[in-house]
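To start, the structure itself, in structure tokens.
Throughout, a chain's letter reflects where its sequence line sits, starting with A, and its residues are numbered from 1. Because the structure is a prediction, the values reported are computed rather than measured.
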There are 2 protein chains.
Amino acid sequence: MGTFRLARRLRAEKSDDDLSDGQFSVLAALFTHGPHTLSSLAERERVSAPSMNRTVGFLEELGYLTRVTDSEDKRRVTITLTPSGTDTVKATVKKRDAWLTHALKALSPEDRATIADAAAIMQRMAER
Amino acid sequence: MGTFRLARRLRAEKSDDDLSDGQFSVLAALFTHGPHTLSSLAERERVSAPSMNRTVGFLEELGYLTRVTDSEDKRRVTITLTPSGTDTVKATVKKRDAWLTHALKALSPEDRATIADAAAIMQRMAER
DNA sequence: CGTAACTCATTACCCTCGCTAACTATTCCC
DNA sequence: GGGAATAGTTAGCGAGGGTAATGAGTTACG
């Protein structure tokens, strides 16, 4: 179960970010997959709706996203990245890559390729 | 950052266990690496001493391990798996493997090999 | 057409598990 | 012998997850 330990390690590494993993992950999802409703976000991140609601609320306060109630179905709320949110995603990706790329540089090209392949496979597994 | 999502997925999958990841991880460490002191366990799991202390306390209450103060250095405490703890490790490993092996069976042998290699590399990275 | 059932978001509250700070007991060393 | 260092522990905080309950809006149907 070294995966958990690596996750903890990664988490520790980006420490002086203002955003937690879950928070950033939401911004990233909005960035790569466009606007979502609350529940679709919750489902995508495999988290309960109330949890996602809190995360979204936090990100809204920071001005990274906006909630707009749908005009057709007023129960629904459309969550969209603000320009500031988009900037943050780009900046954070860059920052986070720093440690990883540093760590990856210490590996052989073969190892790097292995990691990349495995990442793709894991992605598919997680989305199953 | 699909790694976090996979970790969450794995976590969800073993849900009706009585042990959390961290708790099980401690038992597994004792199982594979033998008795530890509190601080060595904390360091191995990359967790603070108080956190590890709580986890160990919990596992002690369940009768999975014992604390014995060292006779030479009475500050130190030796933490050892009980037979019940050993059984639990074996049983839990078996149970946890179920979902993973199921998921892995859906992959091609090449993919499985990739995952295995990557796991080894990640292990090394996490322990750096 | 009106009401019952359902759906989406939200609020209230709790639990787990991480942390730091502070304390105790023991050992080290001068 | 007494101060510094070390191992474990206790106390208390915060982040982030969960479930239950509520409110508002929509849909189904008698």
Side-chain angles (χ1 to χ4, degrees), chain A residues 1 4-27 29 35-62 65-80, chain B residues 1 4-27 29 35-62 65-80:
Chain A
M1 291 291 105
F4 292 128
R5 268 203 295 277
L6 181 58
R8 273 204 291 275
R9 189 78 165 74
L10 276 170
R11 193 166 302 135
E13 205 57 38
K14 58 91 217 181
S15 58
D16 55 348
D17 256 8
D18 33 355
L19 293 183
S20 75
D21 301 323
Q23 289 154 5
F24 170 69
S25 192
V26 167
L27 292 188
H36 284 66
T37 64
L38 185 73
S39 15
S40 62
L41 260 187
E43 191 182 357
R44 177 182 291 283
E45 296 295 316
R46 297 186 186 281
V47 141
S48 72
S51 288
M52 183 52 71
N53 188 51
R54 174 169 44 183
T55 303
V56 167
F58 177 77
L59 294 170
E60 187 185 23
E61 277 191 2
L62 294 185
L65 53 79
T66 56
R67 279 177 168 115
V68 177
T69 60
D70 190 304
S71 51
E72 292 185 4
D73 184 342
K74 293 192 197 107
R75 291 168 305 180
R76 314 185 115 221
V77 159
T78 306
I79 296 161
T80 316
Chain B
M1 291 292 108
F4 293 127
R5 268 204 294 280
L6 180 59
R8 274 205 290 277
R9 187 78 165 76
L10 276 170
R11 193 167 303 135
E13 205 57 39
K14 58 92 215 181
S15 57
D16 56 347
D17 255 8
D18 34 356
L19 294 182
S20 75
D21 300 324
Q23 289 154 4
F24 169 68
S25 192
V26 168
L27 292 189
H36 284 66
T37 63
L38 185 74
S39 16
S40 62
L41 261 187
E43 190 183 358
R44 178 181 292 280
E45 297 294 316
R46 296 185 184 282
V47 141
S48 71
S51 290
M52 183 52 70
N53 188 51
R54 174 168 42 184
T55 303
V56 167
F58 176 77
L59 294 170
E60 186 185 23
E61 276 190 2
L62 293 185
L65 53 78
T66 55
R67 280 178 167 114
V68 177
T69 60
D70 191 305
S71 51
E72 294 185 3
D73 183 342
K74 293 192 198 109
R75 290 170 306 181
R76 311 185 116 224
V77 161
T78 305
I79 295 161
T80 315

Could you state the atom-to-atom distance from [atom1] of [X] to [atom2] of [N] in whole Å?
X: A:E72; N: D:dA24; atom1: CD; atom2: P; value: 22 Å
X: A:L38; N: D:dA24; atom1: CG; atom2: C1'; value: 15 Å
X: A:K74; N: D:dT27; atom1: NZ; atom2: P; value: 11 Å
X: B:E45; N: C:dC19; atom1: CD; atom2: P; value: 12 Å
X: B:L41; N: D:dA7; atom1: CG; atom2: P; value: 14 Å
X: B:R46; N: C:dC19; atom1: CZ; atom2: P; value: 12 Å
X: B:E43; N: D:dT6; atom1: CD; atom2: C1'; value: 14 Å
X: A:M52; N: D:dT19; atom1: CE; atom2: P; value: 14 Å

Phosphate contact ([N] OP1 or OP2) by [X] side-chain N/O below 4.0 Å:
X: A:Q23; N: D:dA15; answer: no
X: B:S51; N: C:dC19; answer: yes
X: A:R67; N: C:dT10; answer: yes
X: A:N53; N: C:dT10; answer: yes
X: A:S20; N: D:dG16; answer: yes
X: A:S48; N: D:dG17; answer: no

Please tell me which of A:R76 and A:P50 maps to the more 5' nucleotide of DNA chain C, matching each residue to the nucleotide holding its nearest heavy atom.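 This one resolves to A:R76.
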Rounded at 0.5 Å granularity, tell me how far [atom1] in [X] sits from [atom2] in [Y].
X: A:M52; Y: A:L38; atom1: CE; atom2: CG; answer: 7.0 Å
X: A:L65; Y: A:H36; atom1: CG; atom2: NE2; answer: 12.0 Å
X: A:I79; Y: A:N53; atom1: CD1; atom2: CG; answer: 8.0 Å
X: B:S40; Y: B:E45; atom1: OG; atom2: CD; answer: 10.5 Å
X: A:R67; Y: A:E60; atom1: CZ; atom2: CD; answer: 4.5 Å

Options D:dT26, D:dG8, D:dG17, nucleotide nearest the side-chain atoms of B:V77: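 For the B:V77 side chain, the nearest candidate turns out to be D:dG8.
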So which atom in [X] and which in [Y] form the shortest heavy-atom distance, rounded to 0.1 Å?
X: A:D70; Y: A:E72; value: OD1-N, 2.6 Å
X: B:G22; Y: B:T55; value: O-CG2, 4.4 Å
X: B:L19; Y: B:F58; value: CD2-CE2, 4.1 Å

Is B:R54 touching bases, backbone alone, or none of the nucleic acid, heavy atoms closer than 4.0 Å?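 Base contact.
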Name the nucleic acid region contacted by A:T37, choosing base, sugar-phosphate or nothing; use a 4.0 angstrom heavy-atom cut-off, strictly under.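 Sugar-phosphate contact only.
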Angle by which the axis turns from one end of the helix from C:dC1-D:dG30 to C:dC30-D:dG1 to the other, five pairs per end, to 10 degrees: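 End-to-end axis angle: 0°.
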Taking the nucleotide of DNA chain D with the nearest heavy atom to each, does A:D73 or B:S39 sit closer to the 5' end?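 Final value for this comparison: B:S39.
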Using a distance-only criterion (donor-acceptor N/O pair, under 3.5 Å, no hydrogens), is the base of D:dT6 paired with the side chain of B:R75?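 Answer yes: a donor N or O sits under 3.5 Å from an acceptor.
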